[in-house]
Amino acid sequence: MVLKLYAHPLSSCGRRVGVVLHEKKVPYELISPDLHNGEIKSDAWKKNQPFGQMPYIDDDGFILFESRAIARYIATKYSSSGAPLLPSDMSDAQAVALVDQATSVENNNFNPGAEGLFVEKIAAKFHGREPNEEFIKSYEAKLTTKMDGFELLLSKQKYMAGDELTLPDLFFLPYGQTVTQLGYDFMTNETKWPNVARWWKDVSTREAWLAVKDGIPATGFTS
């Protein structure tokens with residue numbers, strides 16, 4: 001039974017899973033909810049995702065939600081397929097800890113500011129309200145400070161968890177693209193954050209991300 005991904009094709013968190021599915025070359029079927037009719041808040045949806053959010057997966061009856069947890073599951077289950085996104089020796093406590101550290105860094109030091117800008121500059125109008133300019137200024141200032149930390153980190157290593165590409169590098173992609181499309185240079189300023197720009201150019205041009213960045217394909221690797 002092919003893995004089913006329940007997410008809107010343009011969902012940021014859905015695309016976070018989608019890029020991992022493409023990196024690992026995992027067959028899947030995308031099932032997109034009817035957002036206009038509030039499907040993700042329905043009892044049927046909440047049976048599998050109790051918080052009324054997306055994405056979640058159904059892997060032959062195994063239900064899992066939260067995009068980073070899903071990505072880790074896919075990379076673990078399909079470790080021998082596609083790009084290696086986790087340490088080759090998962091008993092290496094230090095290597096695994098560095099991946100966990102990078103995952104936490106993305107979730108706590110990048111995602112809040114970047115997602116906040118998305119909410120205020122894009123999502124607000126869909127919820128019938130004007131952007132909160134004070135919130136926007138706060139998110140901009142927060143991200144500017146955080147990018148200094150990312151620059152320092154990436155001045156010492158090629159990727160977020162060391163010198164090999166791992167899952168957390170991919171976790172930045174959806175909201176990294178969003179802030180770039182909004183006109184910010186957090187990811188591309190070669191003068192202020194040259195190592196971030198170098199890293200971003202590397203990860204954002206990967207074939208797997210190009211396959212999903214403008215929308216997750218309905219199916220993948222089914223042949």
Side-chain angles (χ1 to χ4, degrees), residues 7 9-24 54-55 66-75 82-87 96-123 139-190 192-216:
L10 293 175
S11 159
S12 296
C13 294
R15 287 180 296 148
R16 186 178 290 129
V17 174
V19 68
V20 174
L21 287 168
H22 278 258
E23 286 283 1
K24 301 303 291 182
M54 54 184 171
E66 289 296 323
S67 61
R68 295 170 185 81
I70 296 169
R72 180 69 170 260
Y73 168 75
I74 292 167
L85 300 176
L86 291 170
V96 172
L98 288 172
V99 172
D100 291 342
Q101 173 181 266
T103 299
S104 182
V105 162
E106 180 272 330
N107 198 22
N108 291 294
N109 292 286
F110 179 74
N111 194 78
E115 183 177 12
L117 289 172
F118 163 78
V119 168
E120 293 303 324
K121 291 206 158 195
I122 298 175
Y139 293 135
E140 290 171 344
K142 180 183 296 185
L143 267 181
T144 298
T145 299
K146 298 297 186 181
M147 297 316 295
D148 292 339
F150 287 119
E151 175 63 22
L152 181 58
L153 177 66
L154 290 167
S155 71
K156 302 174 183 178
Q157 56 200 46
K158 188 175 181 181
Y159 295 105
M160 287 293 169
D163 289 325
E164 301 294 333
L165 179 85
T166 56
L167 279 175
D169 293 295
L170 305 180
F171 293 164
F172 286 81
L173 287 166
Y175 283 123
Q177 174 181 268
T178 295
V179 295
T180 302
Q181 289 177 331
L182 286 171
Y184 295 103
D185 66 354
F186 296 120
M187 319 305 285
T188 58
N189 190 321
E190 296 181 352
K192 193 169 185 179
W193 303 299
N195 288 291
V196 171
R198 179 264 307 159
W199 163 82
W200 179 250
K201 183 177 181 180
D202 183 339
V203 298
S204 66
T205 56
R206 292 184 66 81
E207 183 178 349
W209 175 241
L210 298 179
V212 304
K213 72 181 185 71
D214 296 321
I216 308 166

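- Counting heavy atoms from C-beta on, the side chains of Ile122 and Leu182 come closer than 4.5 Å.
- For the atom pair CZ (Phe186) and CH2 (Trp200), the distance works out to 13.0 Å, reported to the nearest 0.5 Å.
- Taking each heavy atom of Cys13 and Pro55 in turn, the nearest pair found is CB-CD, 3.6 Å.
- For Glu164, the CD atom is loosely surrounded, since the number of other residues' heavy atoms within 6.0 Å does not exceed 12.
- Side-chain atoms of Arg198 do not come within 3.5 Å of backbone N or O of Ser155 as any donor-acceptor pair.
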In sequence, state the C-alpha distance, the side-chain angles, and the governing distance for Asp148 and Leu152, and then conclude on side-chain contact (heavy atoms from CB on, under 4.5 Å). CA-CA 6 Å; Asp148 292 339; Leu152 181 58; over 6 Å; no
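- Rounded to the nearest 0.5 Å, atoms CE (Met147) and CG (Leu153) are 10.5 Å apart.
- Atom CZ of residue Phe110 and atom CD of residue Glu115 lie 10.5 Å apart, to the nearest 0.5 angstrom.
- The shortest non-hydrogen separation linking Ala211 to His22 is CB-ND1, 3.7 Å.
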Evaluate side-chain contact (heavy atoms from CB on, under 4.5 Å) for Arg15 paired with Leu173, printing each intermediate quantity in order. CA-CA 9 Å; Arg15 287 180 296 148; Leu173 287 166; over 6 Å; no
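- Distance alone, capped at 3.5 Å, is enough to place a donor-acceptor pair between the Glu151 side chain and the Asn195 backbone.
- Asp163 and Gln157 share no donor-acceptor pair across their side chains, judged by distance under 3.5 Å alone.
- Not counting sequence neighbours, the partners of Phe118 by the ring-ring contact (aromatic ring centres under 6.0 Å, His included) test are Tyr175.
- The pair Asp100-Arg72 counts as a salt bridge, with a side-chain nitrogen and a carboxylate oxygen less than 4.0 angstrom apart.
- Within the 4.5 Å cutoff, side-chain heavy atoms of Arg206 are placed close to those of Glu23.
- Pairing each heavy atom of Lys24 with each of Pro84, the nearest pair is NZ-CA, 4.2 Å.
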side-chain contact (heavy atoms from CB on, under 4.5 Å) between Thr166 and Met160, intermediate numbers included: CA-CA 8 Å; Thr166 56; Met160 287 293 169; 5.7 Å; no
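- Interatomic distance, CG of Asn108 versus NZ of Lys146, reported as 8.0 Å (0.5 Å rounding).
- The minimum heavy-atom distance linking Pro168 with Ala102 is given by the pair CG-CB, 3.5 Å.
- The ring-ring contact (aromatic ring centres under 6.0 Å, His included) check on Phe150 picks up Phe172, with sequence neighbours excluded.
- Heavy-atom minimum distance, Leu154 versus Val196: CD1-CA, 3.9 Å.
- A donor and an acceptor atom, one from each side chain of Lys121 and Tyr184, are located under 3.5 Å apart.
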Report the C-alpha separation of Leu117 and Thr178 in whole Å, then their side-chain angles, then the decisive distance to 0.1 Å, and conclude whether the side-chain contact (heavy atoms from CB on, under 4.5 Å) test is met. CA-CA 9 Å; Leu117 289 172; Thr178 295; over 6 Å; no
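- The two residues Leu143 and Gly113 come nearest to each other via the heavy atoms CD1-C, 3.8 Å.
- Inter-residue side-chain proximity for Trp209 and Leu170 is flagged as unmet; no heavy-atom pair is nearer than 4.5 Å.
- Counting only distance, with no hydrogens or angles, the side chain of Asn107 and the backbone of Thr103 share no donor-acceptor pair below 3.5 Å.
- Here the side chains of Lys158 and Asp202 are in contact, with some heavy-atom distance below 4.5 Å.
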